[in-house]
Amino acid sequence: MPAYAALSDLLERFEQRELVQITDDAGTGAVDQVRIDRALTAATATIDGYLAAKYQLPLARVPDNIIDLCCDIARFKLWRQTPPENVEKAHSTALKMLE
């Protein structure tokens, strides 16, 4: 099942500089697409865990707010160390919205 969001969605919401910072372990100066894809897949699985109780999956159409939630959850998952407070808050808010 494809993720609810893509790299392009992350880039619309967050600065590329941050995405490079949290994904570029090899020091290439570029976003690591593999890490992005893993985080988006994990975020999608988290969302599906909440949605499965009320909705038939996969969703026929992915609402914009689900894309936003997927991006916030994936961004949180990409931080290997303690994320900044705003990232933690966005993650917590996303999970609360899913509840």
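Here the structure is a predicted model, which means the values were calculated and not measured.
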message = Using a 6.0 Å cut-off, check whether atom CD of Gln16 has over 12 heavy atoms from anything other than its own residue.
response = no

Asp32 backbone acceptor or donor facing Thr23 side chain under 3.5 Å = yes

key: Non-hydrogen atoms of Ile73 and His91 that approach each other most closely   = CA-CD2, 4.0 Å

key: Trp79 with Ile36, same ILVMFWY side-chain cluster at under 4.5 Å   = yes

key: Shortest non-hydrogen contact from Leu40 toward Ala74   = CD2-CB, 3.6 Å

query = Any side-chain heavy atom of Ser8 within less than 4.5 Å of one from Leu11?
reply = no

inquiry  = Does Thr28 form a side chain to side chain contact (heavy atoms under 4.5 Å, CB included) with Val20? I'd like the steps, not just the answer.
reply    = CA-CA 9 Å; Thr28 64; Val20 170; over 6 Å; no

ask   = Are Thr44 and Thr41 close enough that some pair of their side-chain heavy atoms sits under 4.5 Å apart?
value = no

request  = To the nearest 0.5 angstrom, please state how far the CG atom of Asp25 sits from the CZ atom of Arg80.
outcome  = 4.0 Å

ask   = Is Glu18 close to Arg75 at the side-chain level, that is, under 4.5 Å between some pair of heavy atoms?
value = yes

ask   = Passes salt bridge (Lys or Arg N to Asp or Glu O under 4.0 Å), Arg35 versus Asp24? Steps please.
value = CA-CA 9 Å; Arg35 287 209 50 223; Asp24 183 21; over 6 Å; no

task = Taking all heavy atoms of Tyr4 and all of Ile47, pick out the closest pair and write down the distance.
result = CE1-CG2, 3.7 Å

inquiry  = For Glu88 versus Pro83, what's the shortest heavy-atom pair and its separation?
reply    = OE2-O, 3.3 Å

key: Distance in Å, Ile22 CD1 paired with Phe14 CZ, rounded so as to fall on 0.5 Å steps   = 8.5 Å

ask   = Under a 4.5 Å side-chain heavy-atom rule over Ile, Leu, Val, Met, Phe, Trp and Tyr, are Phe76 and Val31 clustered together?
value = yes

query = Sub-3.5 Å donor-acceptor pair from the side chain of Asp9 to the main-chain atoms of Ala6, do we have one?
reply = yes

Pair Asp72 + Arg13, salt bridge at N-O below 4.0 Å = no

ask   = Atom CG of Leu7 and atom SG of Cys71: how far apart are they, to the nearest 0.5 Å?
value = 9.5 Å

inquiry  = Just verifying a value: how many Å separate Ser92 OG and Met97 CE, rounded to the nearest 0.5 Å?
reply    = 13.0 Å

request  = Spell out, yes or no, whether Leu57 and Leu69 are grouped together once hydrophobic residues are joined by side-chain heavy atoms under 4.5 Å, including indirect joins.
outcome  = yes

message = If you count heavy atoms of other groups shown closer than 6.0 angstrom to CD of Gln33, is the number above 12?
response = yes

